[in-house]
Amino acid sequence: MSVLAASFILFSKNLLYCLYAFLVVLLGVAGVFIIAGADFVGVSQLMIYVGGVLILFLFGIMLGPARKNRKELLQVRSVNRIPALLLGLLVFICLIFIQQSLGLGEPMTPNLDQNTVEILGMSLITSHILVLELLGLLLLMALIASTFLSAKND
Amino acid sequence: MIETTYFIWFSALLFALGLTISVSKKNLLLVLVGIELMLNAANINFVVFSHNDPSLNGQLFALVVMVIAAAEVAVGLAIIFKLRKWYGTMNPDKINELKY
């Protein structure tokens, strides 16, 4: 389902339809995370991407300046379709080939008794605290930068 | 239980689609969407390979990648909307002047 939606992004012409298909892709990826045993990462995917990033995209489009060429802004043209498709196919085949040559086909053992939230939280505040601090600093920098860029200072 | 191979195929397909989107689309927003798809594919690999790891370093790294992607999208969208206001288009081929 997610792959279908992603290919719909590739072939669609309207920007809003592309973004709704992107929503479906993100929901599918969150489901894949939860199937793979990463509950916390799946829920954070839902909160960050679906709740944050996608809303940012959609509101950025909808609250954009209304102009005469608004239809033209929503149109999406794509060029170099055949070379891009060939490039994507080449990358896909290369990745599958690498995966086959590494022989990573072991079945996953179910470890449902593992409490991922507790382990992640404890390692974030004890052994990986530098990561947490750096991420906070990065988010602060991004906040200041995007506020400065979108302010009316020209 | 599901084999690791299917997850890796899914993430490879998602990565290839993201690369194709971000290369072929003539709209800066969809280029960002393609980059997000590629980051998601990388995240799936991290999560899948950390499944048998008791310390869950892969999931930690997936969280880091997610936060960095969110920051990148915030700054990128601010730049893109500024460009749209300035040039009136989001086609990266038409944005070809640096200074007025």
Side-chain angles (χ1 to χ4, degrees), chain A residues 2-3 6-7 9-10 15 18 22 25 29 32-33 35-38 40-41 44-45 48 52-53 56-57 60 64-65 67 69 73 76-81 84-85 87-89 91-92 95-96 99 104-110 116 119-120 123-124 128 131 135 138-139 142 145-146 149-150, chain B residues 1-5 7-10 12-21 23-27 29-30 32-33 36-37 40 43-44 47-48 50-52 54-57 59-60 62-64 66-75 77-82 84-86 88-91:
Chain A
S2 205
V3 170
S7 36
I9 297 179
L10 183 57
L15 187 55
C18 287
F22 184 53
V25 175
V29 172
V32 165
F33 283 158
I35 287 173
F40 185 67
V41 180
S44 337
Q45 163 96 1
I48 293 178
V53 170
L56 211 61
F57 272 109
R67 289 193 181 178
N69 54 357
L73 283 181
V76 178
R77 279 193 308 276
S78 55
V79 296
N80 297 331
R81 268 201 178 170
L85 272 179
L87 178 68
L89 204 64
V91 168
F92 178 63
L95 285 173
I96 293 299
Q99 187 258 334
L104 298 166
E106 77 268 26
M108 297 164 71
T109 54
T116 60
I119 297 173
L120 280 178
S123 63
L124 263 184
H128 294 80
V131 176
L135 281 184
L138 179 78
L139 279 181
S146 52
L149 279 174
S150 57
Chain B
M1 201 62 188
I2 313 167
E3 280 192 13
T4 318
T5 316
F7 288 107
I8 298 172
W9 283 2
F10 176 62
L13 195 54
L14 212 60
F15 189 89
L17 277 172
L19 185 66
T20 314
I21 288 170
V23 164
S24 71
K25 289 294 182 189
K26 280 296 155 197
N27 191 320
L29 273 175
L30 282 179
L32 263 188
V33 166
E36 293 299 311
L37 282 184
N40 268 315
N43 266 347
I44 290 172
V47 165
V48 167
S50 80
H51 188 265
N52 293 327
S55 67
L56 294 180
N57 276 327
Q59 294 190 19
L60 211 61
L63 283 176
V64 172
M66 220 177 274
V67 171
I68 289 177
E72 171 240 338
V73 161
V75 179
L77 274 180
I79 294 175
I80 285 174
F81 288 132
K82 201 75 174 176
R84 186 174 81 169
K85 203 176 132 195
W86 194 259
T89 179
M90 278 199 283
N91 190 340

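Order of the sequence lines sets the chain letters (A, B, ...), proteins ahead of strands, with each chain counted from 1.
- Considering CG of B:L37 and CG of B:L13, their distance stands at 10.5 Å, rounded to 0.5 Å.
- At a 4.5 Å heavy-atom cutoff, the contact between B:I44 and chain A is made by backbone and side-chain atoms alike.
- For A:L56, the parts lying near chain B are the backbone and the side chain together; criterion is any non-hydrogen pair under 4.5 Å.
- Residue contact with chain A, scored on non-hydrogen atoms closer than 4.5 Å, involves the side chain of B:N57 exclusively.
- The distance from the OG atom of B:S24 to the CG atom of A:L85 is 7.0 Å, given to the nearest 0.5 Å.
- In this structure, the portion of A:V131 lying under 4.5 Å from any heavy atom of chain B is its side chain and not its backbone.
- How far CG of A:L124 is from CG of B:L63: 7.0 Å, rounded to the nearest 0.5 Å.
- Taking NZ from B:K82 and CG from B:L77, the interatomic distance works out to 14.0 Å, rounded to the nearest 0.5 Å.
- Around the CZ atom of A:F40, the shell of radius 6.0 Å holds no more than 12 heavy atoms that belong to other residues, nucleotides or ligands.
- With a 4.5 angstrom heavy-atom cutoff, A:S44 touches chain B via backbone and side-chain atoms both.
- In terms of heavy-atom pairs under 4.5 Å with chain A, the best-connected choice from B:V67, B:L19, B:I68, B:I79 is B:V67.
- Heavy atoms closer than 4.5 Å to chain A are found in both the backbone and the side chain of B:L60.
- Within the model, atoms CZ of A:F92 and CG of B:L14 stand 11.0 Å from one another, a figure rounded to the nearest 0.5 Å.
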